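As the structure lists them, so they are numbered: ligands from 1, and atoms in each ligand from 1. All values reported here derive from a predicted model rather than from experimental measurement.
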Amino acid sequence: MHHFQYRGNEMYCEDVPIQIIAQKVGTPFYLYSHATLKRHFSAFNDAFDGINRLVCFSAKANSNIAVLKLFANLGGGLDIVSGGELFRGLKAGILPDRIVYSGVGKSVDEIDYALKTGILMFNVESIEELELINKRASLLNLKAPVAIRVNPNIDSKTHPYISTGLKKNKFGIDYKTVIEGYKLAGRLENIEVIGIDCHIGSQIIEAQPFEDALKSIKRLIDELKDLGIEIRYLDMGGGLGITYDDESPPHPGEYARPIVNALESSHLQLILEPGRVIVGNAGILVTRVLYRKSGRGKEFIVTDAGMNDLMRPTLYNAFHAIKPVVKTKERLITADIVGPICESGDFLAVNREISDVKNGDFLAVMSAGAYGFTMSSNYCSRLRIPEVMVKDDLFYVVRARQEYEDLIAGESTPPFLEN
Ligand SMILES: *Cc1c(COP(=O)(O)O)cnc(C)c1O
């Protein structure tokens with residue numbers, strides 16, 4: 001059951017007419033379905049039944065603390081890539097020993113924060129980082145639990161900006177150097193080697209790249225064992241894709257099967273870092289048509305949401321289905337759906353067939369629950385928009401719309417400018 005459905009001509013989120021929320025909260029805003037978030041998390045987690053696993057939701061896909069709290073309540077962990085995400089996770093009640101920390105550029109402060117928090121493990125992405133973590137842990141008189149992130153050189157056949165498992169990508173340590181990395185880690189006083197990690201990209205819509213990655217990681221685990229290095233945690237990263245348009249990604253069950261088969265008879269504890277697959281289709285962006293205009297042979301629909309609110313179309317040429325919140329017109333037009341920002345790249349859709357909407361109409365930009373709000377910015381001094389969560393017939397604003405004062409918080413004018 002999909003939780004953004006038309007009843008008659010009107011789109012609902014669970015049991016709430018979206019139009020009602022739009023009138024109360026104003027537009028634009030992000031809207032999340034509690035039931036969908038919960039179902040997606042559980043379906044993903046249940047797909048690994050029979051093996052020891054921890055689903056560490058990838059915070060950067062959607063880091064609203066209400067969303068994180070829901071996953072915490074379901075027993076989830078968190079995959080973080082910054083100190084800010086660690087802060088959010090803790091605020092939301094994610095247990096420290098369920099947090100894994102990835103990313104190529106962890107700073108000293110961030111490393112210290114994670115060490116003091118006592119996270120499950122650092123996914124280390126370079127030899128220098130490994131040495132720095134050892135040094136920081138030594139100063140704090142702690143032992144840092146680490147996995148090394150392997151770059152298995154696998155083509156995940158996704159958009160180049162979100163492919164991460166090729167040797168030309170900045171992520172992980174290349175397959176050849178990994179063994180050296182583990183040998184070094186074994187010698188470092190304040191490092192405790194516990195895991196191995198890979199994450200090959202995002203919006204991956206085939207099963208094969210994951211299976212290839214699993215095979216190459218398993219091979220490494222065996223090689224390490226021969227060297228006397230025991231791996232306890234196998235982190236398979238995230239990356240499972242969703243349907244935005246007509247993609248047909250593997251179902252979580254299909255994605256899980258080879259992993260479950262490979263690990264059933266081992267003592268390895270599995271860690272997963274899904275982001276998009278959990279939240280992507282559990283959220284939409286609701287926007288209002290401000291103006292219609294016609295250019296030379298071109299129709300434009302100008303909306304109150306722009307690239308600063310939803311960057312994916314601009315950044316990746318990503319497709320998002322766009323539907324009227326209330327269906328009124330049968331007639332279809334082909335139009336560019338564009339935002340208010342002074343950039344030609346500011347669009348939600350180009351040459352899109354859409355019903356002949358008029359100013360004031362609400363539009364639902366579908367599949368916007370992942371990398372939507374989290375990638376938004378204040379560009380053009382636009383206020384960051386609210387996030388709303390629906391449960392059954394209730395809605396709750398889980399992040400308020402910013403106000404103008406928020407825009408200049410922390411700014412000041414130096415004395416030499418005063419006259
Ligand atoms: C972004 C990211 C994820 C989540 O990717 P999805 O495609 O959203 O599942 C998981 N792990 C790491 C290290 C990431 O950077």
Side-chain angles (χ1 to χ4, degrees), residues 37 40-41 43-45 47 53-63 67-68 71 76-82 84-86 89 98-106 110 114 119-126 129 146-152 154 156-166 169-173 195-207 209-210 213 217 233-244 247 249-250 252 255-256 259 270-283 311-312 315-316 318 367-375:
L37 290 165
H40 286 179
F41 185 93
F44 189 90
N45 188 32
R53 81 288 191 182
L54 178 62
V55 176
C56 293
F57 172 70
S58 182
K60 74 182 192 292
N62 187 322
S63 58
V67 173
L68 301 186
F71 299 148
L78 201 64
D79 166 49
I80 58 165
V81 294
S82 71
E85 287 184 349
L86 176 53
R98 292 185 185 169
I99 297 177
V100 294
Y101 189 178
S102 312
V104 293
K106 303 175 188 82
E110 290 176 318
I119 62 167
L120 175 58
M121 70 183 186
F122 291 86
N123 289 333
V124 172
E125 305 222 14
S126 65
E129 180 193 332
V146 305
I148 291 184
R149 177 166 174 185
V150 182
N151 183 331
I154 282 166
S156 53
K157 299 192 178 67
T158 186
H159 189 284
Y161 286 11
I162 50 177
S163 153
T164 57
L166 283 168
N169 300 132
K170 69 180 175 184
F171 298 98
I173 295 181
I196 191 162
D197 165 54
C198 74
H199 169 71
I200 57 174
S202 196
Q203 184 53 15
I204 299 169
I205 53 173
E206 291 171 33
F210 294 114
I217 296 285
Y233 292 90
L234 165 53
D235 185 339
M236 282 297 295
L240 185 56
I242 62 168
T243 303
Y244 285 100
E247 305 91 337
Y255 162 80
I259 304 176
L270 177 67
I271 293 174
L272 299 140
E273 303 171 350
R276 189 188 313 267
V277 68
I278 310 281
V279 293
N281 276 319
M311 184 141 81
R312 300 189 67 260
L315 186 62
Y316 311 127
S367 315
Y371 306 101
F373 186 89
T374 52
M375 278 192 172

Please report whether the ring centroid of F41 lies less than 6.0 Å from that of F57. no

Using heavy-atom distances, let me know which of G238, S58, A370, A59 sits nearest atom 3 (C) of ligand 1. S58

Rounded to the nearest 0.5 Å, how far apart are CE of M236 and OH of Y255? 5.5 Å

Going from CD1 on I148 to CG on D235, what distance comes out if it is rounded to the nearest 0.5 angstrom? 13.5 Å

Where ligand 1 meets Y371 - atom numbers and elements under 4.0 angstrom, heavy-atom basis: 1 (C), 4 (C), 5 (O), 6 (P), 8 (O)

Short list, please: which atoms of ligand 1 are under 4.0 Å from a heavy atom of S102? 13 (C)

Say you draw a straight line from NZ of K60 to CZ of R276; how long is it, rounded to the nearest 0.5 Å? 9.0 Å

Quick check: E273 and ligand 1, any N/O pair under 3.5 Å apart? yes

Out of all atoms in ligand 1, which are within 4.0 Å of some heavy atom of R276? Include the element for each. 6 (P), 8 (O), 9 (O)

At what distance, to the nearest 0.5 angstrom, does CD1 of I99 lie from CE of M121? 13.0 Å

To the closest 0.5 Å, what do you measure between CD (E129) and CD1 (I173)? 8.0 Å

Applying a strict 4.0 Å limit to heavy atoms, is V277 in contact with ligand 1? no

Do any nitrogen or oxygen atoms of R149 come within less than 3.5 Å of a nitrogen or oxygen of ligand 1? no

Around atom 15 (O) of ligand 1, find the nearest protein heavy atom and jot down its residue, atom name and distance. K60 NZ, 2.7 Å

Would A61 count as being in polar contact with ligand 1, using the rule that some N or O on each side must be under 3.5 angstrom apart? no

Nearest 0.5 Å, please: how far is CZ in F44 from CG in L272? 4.5 Å

When you compare the side chains of D79 and S102, does any donor N or O come within less than 3.5 Å of an acceptor on the partner? yes

Near G275 (heavy-atom distance under 4.0 Å), the atoms of ligand 1 are 6 (P), 8 (O), 9 (O)

S202-ligand 1 polar pair, N/O distance under 3.5 Å: yes

Out of H199, E273, K106, R149, which one pairs with N123 under the side chain to side chain donor-acceptor pair (under 3.5 Å) rule? E273

When you measure from the heavy atoms of G239 to every atom of ligand 1, does any distance fall below 4.0 Å? yes

Report yes or no: does F171 have a heavy atom closer than 4.0 Å to ligand 1? no

